[in-house]
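The figures that follow rest on heavy atoms only: side chains count, while hydrogens, waters and symmetry mates do not. Ligands are counted one by one from 1 in listed order, and the atoms in each one are counted from 1 as well.
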Amino acid sequence: MTAVHIPGVPVIDAGQLVSTSPATGAEAGRLPVATDADVRQAVESARAAGEWWAGLGFTGRRQRMLRWRALLAKRIEQLAELVHVEGGKPTADAIVEIVTAIEHIDWAARNAGRVLGPRRVRSRLILAEFSGHLEYQPHGVVGVIGPWNYPVFTPIGSAAYALAAGNAVVLKPSEYTPAVGQWLVDSFAEVVPEQPVFTAVHGLGDVGAALCHSGVDKLAFTGSTATARKVMAACAETLTPVLIEGGGKDAMIVDSDADLDAAAEACVWGGMTNAGQTCIGIERVYAVDAVFDAFVDKVVTRAGRLTVGPEGTDIGPITMPKQIDVIRRHIDAAITSGGRAVLGGPSAVQPPYVHPTVLVDVPEESAAVREETFGPTLTISRVRDADEAVTRANALSYGLGGSVFGRRRAVATARRLRSGMASINSTLTFAGMSTLPFGGVGDSGFGRIHGEDGLREFGRAKAITRRRARSLLPSMTFERTPADVARLVKAIKVMYGR
Ligand code: NDP
């Protein structure tokens, strides 16, 4: 019997996970569902492969990873088309996503040796007779669990850094985007055919859960905060370290000295690119009183021009059909609690699409302001000044990214945002800067991908001391004498007792 396909809803059909376009229902991918034993086997094979991979050293890995990024660059249109068909994302957005992922592979490959490789560390007066050595060794096998909204950028953000650090990776892509996940591992296998260094296991959430229990040495999870809690609980049983990239409800602050045209342009992009299905997407805006009306007008004009539909548009379908109920609930809650739709509103929800919606006067307690909406919707609130904006922006338990538009106070305001990242006079740009770490605080998670911190996240610090000379002040030995201890006391008082 063949399973019934609702566009965009993945189904299991004769042991295969089948993904479909949320816009047309066309089949996008069909991949075998992994059993618990398959997941364990994948991790076991990856363990042996990881030893081989680690043995290639930074130079050997760098060469292969640069070949992989060249392959992605050459086939960017093909991958973008698959992202478009499987998740509904407009092809131009898919291209931008893949470009960013390629940049991360390049940077991780080129910089892993410098950041993680062995180095001498200066010793201090205490233990001056020893030299210190530090290096970051691979964990072994890293499990990567990814979401559907950025099915290339997000897993690569963990996988490329883990691979560059010398780990093998087993990826569990979202059930909504398994074909994109498989494409990534297949392309890697083309340039690294010798061993299964980067592989994928497919299925529903239970396969992700199996990966947590499979004996991986570290688990990098990107997804909702609710699932993150389950992942952490599962990993706690085996003390498996986790990296959590959770959800967000990012705020943008528009100060009185902001360039309002630039702010409106970036706000519409940051809030509505990928139909608003972006973890670091702008969902709430706080604009100071002096510029509020002009800013709202500019946002409404720009957002009102966006085109919506299956092909060649600015906004595609909502990838996960059940998310439409959340978006509808948030818009309805905003209106019933006294808010106004100055663009869109309840009628904007036309499954599988949601048209741009801009809401004002929405109380801060409303779900539209407090919970992740994941649609092309924005709430814009009037605030007295940047201080009030920061207080309101920081009121939620989420703390992923954020944005500030302004001049004089912009840097200070960005620093005060309780978030892992912020962009000034732009939105989302920190995600594409491979030299900067990416990650959140509070319910948005912990640990960092990207940049030097992202590389270190996938390496275990290994500290080595080595004797260079006889100890003048022997202390860490039973051979010490009372006179040695007395000299130590005297020395420490001279050094630190002032
Ligand atoms: P989910 O939390 O629903 O799923 C994430 C992944 O976890 C999927 O692969 C899912 O598999 C898997 N999974 C589900 N249940 C379990 C389980 N019990 N144990 C282990 N794994 C499990 O998130 P979404 O896919 O809906 O992604 C959207 C969310 O991701 C948003 O909250 C968004 O903000 C966040 N996100 C965060 C980013 C960041 O960097 N901070 C970046 C991008 C997105 P399956 O799909 O098969 O159920």
N/O donor-acceptor pairs under 3.5 Å from side chains in residues 42-50, not counting sequence neighbours:
unit_1, atom_1, unit_2, atom_2, d
S45, OG, Q41, O, 3.0
S45, OG, Q41, NE2, 3.2
R47, NH1, D217, OD2, 2.8
R47, NH2, G215, O, 2.8

Next on the checklist: I want to check something: taking the side chain as every heavy atom from C-beta on, are L79 and L184 in contact at a cut-off of under 4.5 Å?
Outcome noted: yes
Item to check | Partners meeting salt bridge (Lys or Arg N to Asp or Glu O under 4.0 Å) with E283 (sequence neighbours left out) | outcome: K249
Checklist entry - Does M433 have any side-chain contact (heavy atoms from CB on, under 4.5 Å) partners at least two apart in sequence or in another chain, and if so, which? => result T435, L436
Next on the checklist: In this structure, is the centre-to-centre distance between the rings of F153 and W148 below 6.0 Å?
Outcome noted: no
Checklist entry - Under 6.0 Å from the six-membered ring centre of F221 and within 45° of its axis: does the NZ or CZ of K172 meet both? => result no
Checklist entry - Under a strict 4.0 Å criterion on non-hydrogen atoms, which protein residues are in contact with ligand 1? => result I145, G146, P147, W148, N149, T154, K172, P173, S174, E175, G203, L204, G205, G208, A209, F221, T222, G223, S224, T227, K230, V231, E245, G246, G247, G248, C279, E372, F374, L400, F438
